[in-house]
Amino acid sequence: MDKLTQYRKIIKEILTGYQNIVPSASDDEAEQRLAFDEERDQYLWFRSGWQNKTRVRHITVYIRIKNGKIWVEEDWTDLGVVDDLLAAGIPATDIVLGFQPPDVRKHTNFAVA
């Protein structure tokens with residue numbers, strides 16, 4: 001399996017696992033949703049719908065693959081998607097903390113871009 005195919009598979013497995021462990025409240029009409037776009041290499045876990053007559057739209061995790069690296073653009077989990085990517089065997093040199101400003105990334109153990 002080539003690296004890109006492997007990265008896509010790992011990302012989808014991690015996000016699907018996250019979605020499966022989040023319970024829904026009985027009075028909550030908002031749903032946890034996944035959106036995988038392999039053509040553009042965009043992967044989202046988000047919440048959308050209605051809760052107590054209020055519209056809910058919230059991205060929990062947003063990951064993309066660009067130039068052979070995994071860019072973590074959003075991660076609002078308590079679990080830390082980066083830890084799961086590392087545990088799945090993805091090297092830190094192939095992970096970009098896109099939610100960090102570019103001048104801060106060079107001070108991490110992860111890829112700059």
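Predicted model, so just to flag it, every value in this text is computed and none were measured. Hydrogens, waters and symmetry mates play no part in the numbers below; they use all other heavy atoms, side chains included.
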Consider only side-chain heavy atoms of I, L, V, M, F, W and Y, link residues closer than 4.5 Å, and tell whether [X] and [Y] are in one cluster.
| X | Y | result |
| --- | --- | --- |
| Val112 | Ile70 | no |
| Ile10 | Val61 | yes |
| Ile65 | Ile14 | yes |
| Tyr62 | Val56 | no |

With rounding to the nearest 0.5 Å, note down the distance linking [atom1] in [X] to [atom2] in [Y].
| X | Y | atom1 | atom2 | value |
| --- | --- | --- | --- | --- |
| Ile63 | Lys12 | CD1 | NZ | 12.5 Å |
| Glu29 | Asn52 | CD | CG | 9.5 Å |
| Ile11 | Tyr43 | CD1 | OH | 5.5 Å |
| Thr60 | Trp76 | OG1 | CH2 | 10.5 Å |
| Gln32 | His58 | CD | NE2 | 8.5 Å |
| Ser48 | Arg55 | OG | CZ | 4.5 Å |

Backbone N/O of [Y] and side chain of [X]: donor-acceptor pair under 3.5 Å:
| X | Y | result |
| --- | --- | --- |
| Gln42 | Arg40 | yes |
| Arg8 | Glu38 | yes |
| Thr16 | Glu13 | no |

>> Looking at every non-hydrogen atom in both residues, tell me the closest pair between Leu34 and Gln19 and how far apart they are.
In response: CD1-OE1, 3.2 Å
>> Using every non-hydrogen atom in the two residues, find where Ile59 and Phe46 come nearest and quote the distance to one decimal.
In response: CA-CB, 3.9 Å
> Thinking salt bridges, do Glu73 and Arg64 make one under a 4.0 Å N-O criterion?
Replying inline: yes
> Taking 4.0 angstrom as the limit, do Asp41 and Lys66 come out as a salt bridge?
Replying inline: no
Taking distance alone, no hydrogens or angles, what donor-acceptor pairs closer than 3.5 Å link side-chain atoms of residues 85-102 to residues at least two apart or in another chain?
from: Asp94; atom 1: OD2; to: Lys3; atom 2: NZ; distance (Å): 3.1
from: Asp94; atom 1: OD2; to: Tyr7; atom 2: OH; distance (Å): 2.5

>> Within the supplied structure, the quantity of interest is the number of heavy atoms (other residues, nucleotides, ligands) at a distance under 6.0 Å from Asp37 CG; does it exceed 12?
In response: yes
>> Using the rule given for side chain to side chain contact (heavy atoms under 4.5 Å, CB included), can you reason through Val72 versus Val81, listing the C-alpha separation, both sets of side-chain angles and the distance that settles it, and then say yes or no?
In response: CA-CA 8 Å; Val72 179; Val81 71; 3.8 Å; yes
> side-chain hydrogen bond (donor to acceptor under 3.5 Å, both in side chains) with Thr77: which residues, sequence neighbours excluded?
Replying inline: Asp75
> Taking only residues two or more places apart in sequence or in another chain, which ones pass side-chain hydrogen bond (donor to acceptor under 3.5 Å, both in side chains) with Asp84?
Replying inline: Tyr18
>> So Leu79 and Ile21, do their side chains get closer than 4.5 Å, heavy atoms only?
In response: yes
